[in-house]
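Take a look at the structure set out below.
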Amino acid sequence: MRPTLTAVLIILCAAIVLHAEERPTFHIARATDPPKVDGILNDEAWKREPLPLGEWVSYNPLRGGHADQRTEVRIAYDDRNIYFAFHCFDAEPAKIRTTISRRDTAFNDDWIAMSLDSAGTGQTAYHLFVNPSGVQMDALNTSASGEQFEADLLWDSVGRVTDDGYVVEIRLPLQTIRFSGGDHVRMGILFFRKISRTGVSYSWPEIPPGEWVFENHAHLIFDNLKQPQLIEVLPSITYGISQTRASPDRWNPVVNKADVGVSAKYGITSNITLDATINPDFSQVESDAFQVQVNQRFPIFYSEKRPFFMEGMGLFNIAGTGGDGNMRTAVHTRRIINPFWGTKLTGTAGKMTFGLLNASDQTPEDIGNRGDMIGGRDKLFTISRATYSLGKSDYAGVIVADTEHAGRHNRVEGGDVSIKFSPPQQLSATFLASQTGLASAGNTHAIGSQLSYSYNTRRFGWANQVEHYGRDFQMDTAFYNRTGFTSGWSFGEINFYPKEGRDFWLKRVHPFYWTKRGHDQMQNGSEDLLNLGIRFHFTRQGFLNMNSSRGHEAWIGRRFRIGAVINLSGSTQIFRWLSINGSFISSRDIYYDAVNPFLGKSTSPGFGFTLQPNLHFQQNLNYSRVGFDRESSGERIYTVQIVNTQTTYQFDKHFRLRLLEQFDSSQHRLLTDFLAMYEVVPGTVFHAGYGSLYEKQTPQPGSLVPNTLGGGYMTVSRGLFFKASYLHRF
């Protein structure tokens, strides 16, 4: 048995080595003179032949189609930067879609992009996108979290439309990326390109179904590459003037507030970075979009927008979160409401990737309704995370999260693993154990766990997950819907590609199912749901989704029959300057009253559009409406209307004006928010803004009120703010 086992291990190791050697490898030449990043490929560094890439192959929404537009890629480097030059040929350059817009918003345009695994660990990659106008979009991609677009990296790009397509140049400072310097540095690389008029994205090397970038990176070899010492300092200052209304005819005195803070980044080694901040300005420049908050069983998620927390946070996520699971993320830093200081250590060591986050919250939420007991007492957050690469994108990880606040503690320890047995198959598992207690009482213990399996090919997709969360499970750092339940769900689809390889408006059709069954201990009942539907993908980035569902849901010991009679949603880029989207849902839903719940009929129409008549101007509007009627009598219980609009004029890549208008009929609120922003580079930014909140004065029935209320909207608060920050990199 032993010789046979040894032989099998030798064969497996040899197969792994041979597979690794199959990946294309390019030795990159050092530039004697750094190219000028101007969108003109006449520099000495670009006179070499482009990289000998093969066919670019589609991965979304089509699979396996060959690109009919040629793309040339050139790479060079010196002691400070890596340079990339892309010549994206297009037989119809007049149909190229490009805009001058704010960062991370040009995904409907044509674009060229790359995935760079600078550390070569197969766990973390930088994704850099550029449209033909040079507008940047960037993300940190990890095995556990996928692409996270919250962080803004420091790099330079220029784009220019030409007679035969468009050209993009990128200068990527070595200080921006993490890698182990040496005489023979190996990095992973993969390129993407999207052609907006067809809505199809291509990659080189090919990304087969069920795989992502880490299984398919080619290799870049750099000789004698060292990372310059990384030291950054980011001071910031904020000055605000605000005023609230004391009565319908009188304002409170003006409040002036100034804050000065500083953040710093230090490269301990080429692979390990320490971030620290003291009295940071954590004000949010971008207001959260209004969402329907009436009759919501689960909490509403708002994305993180504060720079210190956004950068590198994908490292802290765990397997099985997001998607249709109960836990959206294990570390949701908006739980840290008003920190006074914070530190973050991130890095790699061999096959290990790790992160450690500490922060104090001066005004934490009152968990447990302890009132005056927590007044003036900060809450301390400590979160550590580590993953060990098992090859390609496979990994095993651990996470430890601890919060301490006024005699209360919450500690969670756990591990996760994600393995691909073969390109189509992936298995992940997570186990979390929580302990929560007060100094004056005992501790409670509970577990949370999930097991997921997926199988994806060009024709078939299948995903399954089972999860369990104990009644007393708590994780202060995470965002999750509920506890005290055990359930499982399954999703399956079949993909059809009409008239493959032809210029046809219908690109992909996939009927699907989604089903779920479980038991809710907290609500003392079982639940089930079956959702059947079909989805169409068209040219012009269009799609149409149609589905219907039926099932049961438990609520305070009762079992209600629920489901969507019809659920429609779709969007399309009608013209280069206009895209539209719409939805309509008619369903049976529960009115989640804690004492007397009942079944009702919900109708939810919605629509939106993006208008961009030229390179600089953009108008976004989204409208949604929810009407809920009691099923037994037809009585209207509530109607909620939400309107979110954003008007932007982008003078160039640096300077923009933006106006937000947001309306929520359920809370009788209208918010207007004007912002002028000048961004030299990420970190060096100047803001000036004015905001006002209007509320409808609604007196209680039978009360005596002055005629000035009148049922109209009145300004209840207003304010000006100025913010400046300056990033200095030594």
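Atom set for the values below is all heavy atoms of this structure, side chains included, hydrogens, waters and symmetry mates excluded. Model, not experiment: these values are computed from the prediction.
Between Phe214 and His217, the ring planes are perpendicular. Angles over 60° get that label, and only those under 30° would be called parallel. Relative ring orientation between Phe129 and Trp111 is described as perpendicular, the plane-to-plane angle rising above 60° on a 0-90° scale split at 30° and 60°. Classification of the Phe301-Phe479 ring pair by plane angle, with boundaries at 30° and 60°, yields perpendicular.
Legend: residues meeting side chain to side chain contact (heavy atoms under 4.5 Å, CB included) with Asp394, ordered by chain and number and at least two apart, are Leu390, Ile419, Lys420. Take Phe298 and apply the ring pair (Phe, Tyr, Trp, His ring centres under 6.0 Å) test, not counting sequence neighbours, and it matches no residue.
Across Asp117, Leu315, Thr348, a single residue satisfies side chain to side chain contact (heavy atoms under 4.5 Å, CB included) together with Thr124, and that is Leu315. The side-chain hydrogen bond (donor to acceptor under 3.5 Å, both in side chains) test with Thr382 is passed by exactly one of Asn358, Thr343, Thr477: Asn358.
The main-chain N or O of His332 is never found under 3.5 Å from a side-chain atom of Thr329 such that the two would form a donor-acceptor pair. Remark: side-chain polar atoms of Asn81 are not paired, donor with acceptor, to backbone N or O of Tyr77 under 3.5 angstrom. Between the side chain of Tyr395 and the backbone N or O of Thr353, no donor-acceptor pair lies under 3.5 Å. A distance-only check finds no donor-acceptor pair linking the side chain of Asn279 to the backbone of Gly261 [under 3.5 Å]. Formation of a donor-acceptor pair under 3.5 Å by the Asn131 side chain with backbone atoms of Ser133 is found in this model. Remark: the backbone N or O of Gly267 is paired with a side-chain donor or acceptor of Gln229 at under 3.5 angstrom. A side-chain donor-acceptor contact under 3.5 Å links Ser389 to the backbone of Thr121. A distance-only check finds no donor-acceptor pair linking the side chain of Arg328 to the backbone of Gly325 [under 3.5 Å]. Here the side chain of Asp275 pairs no donor or acceptor atom with the backbone of Ser263 at under 3.5 angstrom. With hydrogens and angles ignored, the 3.5 Å screen pairs a side-chain donor or acceptor of Ser725 with a backbone N or O of Gly683.
To the nearest 0.5 Å, atoms CD1 (Ile82) and CG (Leu172) are separated by 5.5 Å. If you take CG on Asn338 and OG1 on Thr363, they are separated by 4.0 Å, rounding to the nearest 0.5 Å. Atom-to-atom distance recorded for His405:NE2 and Asp361:CG is 8.0 Å, nearest 0.5 angstrom. Taking CG of Asp476 as the start and CD of Glu365 as the end, the distance is 7.5 Å to the nearest 0.5 Å. Taken to the nearest 0.5 Å, the CD atom of Gln465 stands 4.5 Å off from the CD atom of Gln450. Remark: Thr444 OG1 to Arg471 CZ distance equals 13.0 Å, nearest 0.5 Å.
In this structure, Lys194 is not positioned above the aromatic face of Phe107 in the sense of NZ or CZ being under 6.0 Å from the six-membered ring centre and within 45° of the axis.
Between Arg408 and Asn410 there is a side-chain heavy-atom pair separated by less than 4.5 Å. Taking 4.5 Å as the limit, every side-chain heavy atom of Val135 sits out of range of all side-chain heavy atoms of Thr105. Contact annotation: the side chain of Gln435 approaches that of His409 to within less than 4.5 Å [non-hydrogen atoms, C-beta and beyond]. Between Phe308 and Leu357 the shortest side-chain heavy-atom distance falls below 4.5 Å. Glu147 places a side-chain heavy atom less than 4.5 Å from the side chain of Trp212. The shortest distance between side-chain heavy atoms of His687 and Phe721 falls below 4.5 Å. With a 4.5 Å cut-off on side-chain heavy atoms, Lys723 and Val685 do not count as touching. Counting heavy atoms from C-beta on, the side chains of Asp223 and His184 come closer than 4.5 Å.
A donor-acceptor contact under 3.5 angstrom links the side chains of Arg729 and Thr176, judged on distance only.
Taking all atoms of both residues into account, the shortest heavy-atom contact from Val681 to Glu679 is O-CG, 3.4 Å. Between Ser157 and Gly134, the closest heavy-atom pair is OG-O, 2.9 Å. Closest of all the heavy-atom pairs between Met352 and Ala386 is SD-CB, 4.0 Å. When every heavy atom of Asp652 is checked against every heavy atom of Ile100, the shortest pair comes out as C-CG2, 3.7 Å. In terms of heavy atoms, Met327 sits closest to Ala478 at CE-CB, 4.0 Å. Here the closest non-hydrogen pair linking Leu727 and Leu154 is CD2-CD2, 3.9 Å.
For Arg103, the CZ atom sits in a packed shell: over 12 heavy atoms of surrounding residues, nucleotides or ligands are nearer than 6.0 Å.
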> Does the pair Leu432 and Phe473 meet the rule for a side chain to side chain contact (heavy atoms under 4.5 Å, CB included), with working shown?
Replying inline: CA-CA 9 Å; Leu432 300 169; Phe473 181 86; 3.9 Å; yes
> Should Asp259 and Thr238 be marked as a side-chain hydrogen bond (donor to acceptor under 3.5 Å, both in side chains) after you check the CA-CA gap, both sets of side-chain angles, and the distance that decides it?
Replying inline: CA-CA 5 Å; Asp259 275 314; Thr238 303; over 6 Å; no
>> Show, in sequence, the C-alpha distance, side-chain angles and deciding distance for Lys226 and Asp183, and conclude whether the side chain to side chain contact (heavy atoms under 4.5 Å, CB included) test is met.
In response: CA-CA 8 Å; Lys226 304 291 193 299; Asp183 296 330; 3.7 Å; yes
>> Run the salt bridge (charged side-chain N to carboxylate O under 4.0 Å, His left out) test on Arg411 and Glu404 for me, step by step, so that the C-alpha distance in whole Å, both residues' side-chain angles and the decisive distance to 0.1 Å come before the verdict.
In response: CA-CA 9 Å; Arg411 296 164 191 155; Glu404 306 284 341; 3.1 Å; yes
> Where do Phe84 and Leu128 land on the side chain to side chain contact (heavy atoms under 4.5 Å, CB included) test, with the steps shown first?
Replying inline: CA-CA 11 Å; Phe84 299 85; Leu128 310 181; 5.9 Å; no
>> Quick one, Leu140 with Tyr126, criterion side chain to side chain contact (heavy atoms under 4.5 Å, CB included). Give me CA distance, side-chain angles, the key distance, then yes/no.
In response: CA-CA 5 Å; Leu140 184 68; Tyr126 301 96; 4.1 Å; yes
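Residue pairs meeting the salt bridge (charged side-chain N to carboxylate O under 4.0 Å, His left out) criterion with at least one member in residues 350-360, sequence neighbours excluded, do not occur.
The pair Arg335-Glu304 does not count as a salt bridge, with every side-chain nitrogen at least 4.0 angstrom from each carboxylate oxygen. Looking at Lys653 and Asp156, no side-chain N of the basic residue comes within less than 4.0 Å of a carboxylate O on the acidic one, giving no salt bridge.
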